[in-house]
Amino acid sequence: MLTLNFIRENKDLIIERLKVKNFDAGQTLDNIIELDNKRRETQQKADSLQAEMNSISKEIGHLFSQGLRDEADAAKKKTWEIKEKIKKLSISLTSIEKKLNQELLAVPNIPNELVTPGRSEEDNVKVKEGGKLPEMVNNPMPHWELAKKFDIIDFELGTKLTGAGFPVYKGKGAKLQRALINFFLDEGEASGFSEVLPPVIVNEDSSFATGQLPDKEGMMYHVPIDNYYLIPTAEVPVTNIYRNVILDADRLPIKNIAYTPCFRREAGSWGAHVRGLNRLHQFDKVEIVVIAHPDKSYEALDMMLNHVEGLVDKLDLPYRIMRLCGGELSFTSALTYDFEVFSAAQQQWLEVSSVSNFESFQSNRLKCRFREKGEKQNKLVHTLNGSALALPRIMAAIIENNQTPDGIKIPEALVKYTGFKSI
RNA sequence: GGAGAGAUGGGUGAGUGGCUGAAACCACUGGUUUGCUAAACCAGCGUACUCUAAAAAGGGUACCGGGGGUUCGAAUCCCCCUCUCUCCGCCA
């Protein structure tokens, strides 16, 4: 969420910038400022009464120690009324703060200047295209047919074990999956990311801090008996490492990489266009997370884009990089680039990575700050994250684009990980 | 799962109702001393909200795992929860 100070000082700017996200913030910001004024007023009153209470209490202590019981009892009587007032004020303060917080949570992050207005996918801006479209065999098969033909992914078996969207990878398919994970992690390490292997189930606090709760509750699997949530992305546990933490400035940027399975309920988003690996309830992903100095976060974003581009490049996949328009940009993001690879048999672009700078929007909620040498005030860090990469669609593209009359050719860069050159 | 012990500032750790936002030590930062290093000595050293000033400085309030309660007053007493440690049970 945006900070109160920023909202107080930049109301008009925020309203203007949020138009790009098709969000009308006027009313909400007015409410926020009004509630904040009330909050300050109420708190001031309560604080000064409390100060009075504290000094009377001290006095009573002294009176008692001098054995002046009657005077002490008289002083006690004085406190009753003040106490009552404080109680009332603190009740209303709590309710003001609750409302204020709700309003604050309703304001999206303001988009970076590069973000253009727009409503849908068509309005995204292509900033780069790379790789070569593959030469296809006649009548290319989509990956779900190839998966069946070579018995490397079994969707029906997954349905038996769990349900739709939980495929079973078999034989060389399983090995290819494992190869991709290791490839992505090794490449990340080479780019200076340090690996973490976090839990894939998190508590409520973590889900709130990265913003999955309360608004996106339906997207996560919930374990009611312990009130835990299955992570929809490694962003949740990895970013939460830095919840409530004050970092020394010289530790920045922090670059983490993590492989985890991801779990998404995807309620209501099923349809004919999501066959095969295109959308799953459980999938593997390697995620990169960067905690950056505010002045350097766009540098970090570029670094992440370069890293992801290197991955699709090495896998010989045709790709394009899209800058999301205002309407497509997520609630928390200031700037997002999507990587899409072309899936030759399906004749469509598949999103395989989304790299975003959240600036201080996420860190404010997360309370992740840093201390600059010589400065007193702690400041919020900038957080960024991106997939590097999400496995299923990469797998789909590799399988489809590299199909030959005899089988499926494994990209050169992966061979040392798979141990075989074709399926 | 059962029984017991515990949770205090960056760390160790004192503190069982007012003189404690919190001793002491260590770490850290600045200074003095010094040819350099080390040592010694002095000083500083939490977070959030808020007020005055709006740079610097100062004041108020809250925070001793989390939440609630008793009291004029709670780190300290009571209740609930969470976590850690030890023992027992179970187990990959």
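What you see is a predicted model; the values in this text were computed from it and never measured. All chains are named by letter (A, B, ...) in the order of the sequence lines, taking the proteins before the strands, and each is independently numbered beginning at 1.
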Could you tell me which nucleotide pairs with [N] by Watson-Crick or G-U wobble geometry, both distances under 3.5 Å, or answer none if nothing does?
N	value
B:G1	B:C88
B:U70	none
B:C19	none
B:A24	B:U12
B:C83	B:G6
B:U47	B:A62
B:G30	B:C42
B:U37	none

If I pick the [atom1] atom on [M] and the same atom on [N], what distance separates them, to the nearest angstrom?
N	M	atom1	answer
B:U12	B:C72	C1'	37 Å
B:U34	B:U16	C1'	49 Å
B:G9	B:A23	C1'	12 Å
B:G21	B:U8	C1'	11 Å
B:A43	B:U50	C1'	29 Å
B:G31	B:A39	C1'	16 Å
B:C78	B:U70	C1'	7 Å
B:A22	B:A75	C1'	8 Å

Ion pair present between [X] and [Y], side-chain N to carboxylate O less than 4.0 angstrom?
X	Y	answer
A:R119	A:D123	no
A:D30	A:K11	yes
A:E16	A:K19	yes

Discussion item. What range of RNA chain B does chain A touch, first nucleotide to last, counting atoms under 4.0 Å from its heavy atoms?
Written reply: B:G18 to B:G73
Just to be sure I understand the rule, does [X] reach a base, reach only the sugar-phosphate, or reach nothing, if contact means heavy atoms closer than 4.0 Å?
X	value
A:A51	sugar-phosphate
A:T79	sugar-phosphate
A:I56	nothing
A:D73	nothing

Discussion item. Looking only at side-chain N and O atoms, does A:S354 offer a donor or acceptor that is under 3.5 Å from a partner on A:D338?
Written reply: yes
Worksheet item: Any chance the side chains of A:H281 and A:Y221 put a donor and an acceptor closer than 3.5 Å?
Response: yes
Item to complete: Please name all residues satisfying ring pair (Phe, Tyr, Trp, His ring centres under 6.0 Å) with A:Y319, sequence neighbours left out, ordered by chain then number.
Response: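 So A:Y319 forms no ring pair (Phe, Tyr, Trp, His ring centres under 6.0 Å) with any residue.
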Item to complete: Please assess A:R243 against A:N240 for the test side-chain hydrogen bond (donor to acceptor under 3.5 Å, both in side chains), listing each intermediate value before the final yes or no.
Response: CA-CA 5 Å; A:R243 164 155 52 95; A:N240 267 284; 2.6 Å; yes
Worksheet entry | Ring-face cation contact, A:F420 with A:K175, 6.0 Å cut, 45° max | no
Discussion item. On RNA chain B, compare the nucleotides closest to A:G61 and A:E52; which residue's is nearer the 5' end?
Written reply: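 Closer to the 5' end of RNA chain B: A:G61.
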Worksheet item: Where each residue is assigned the nucleotide of RNA chain B containing its nearest heavy atom, which of A:A75 and A:R371 is assigned the position nearer the 5′ end?
Response: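 Comparing both residues, the 5'-ward one is A:R371.
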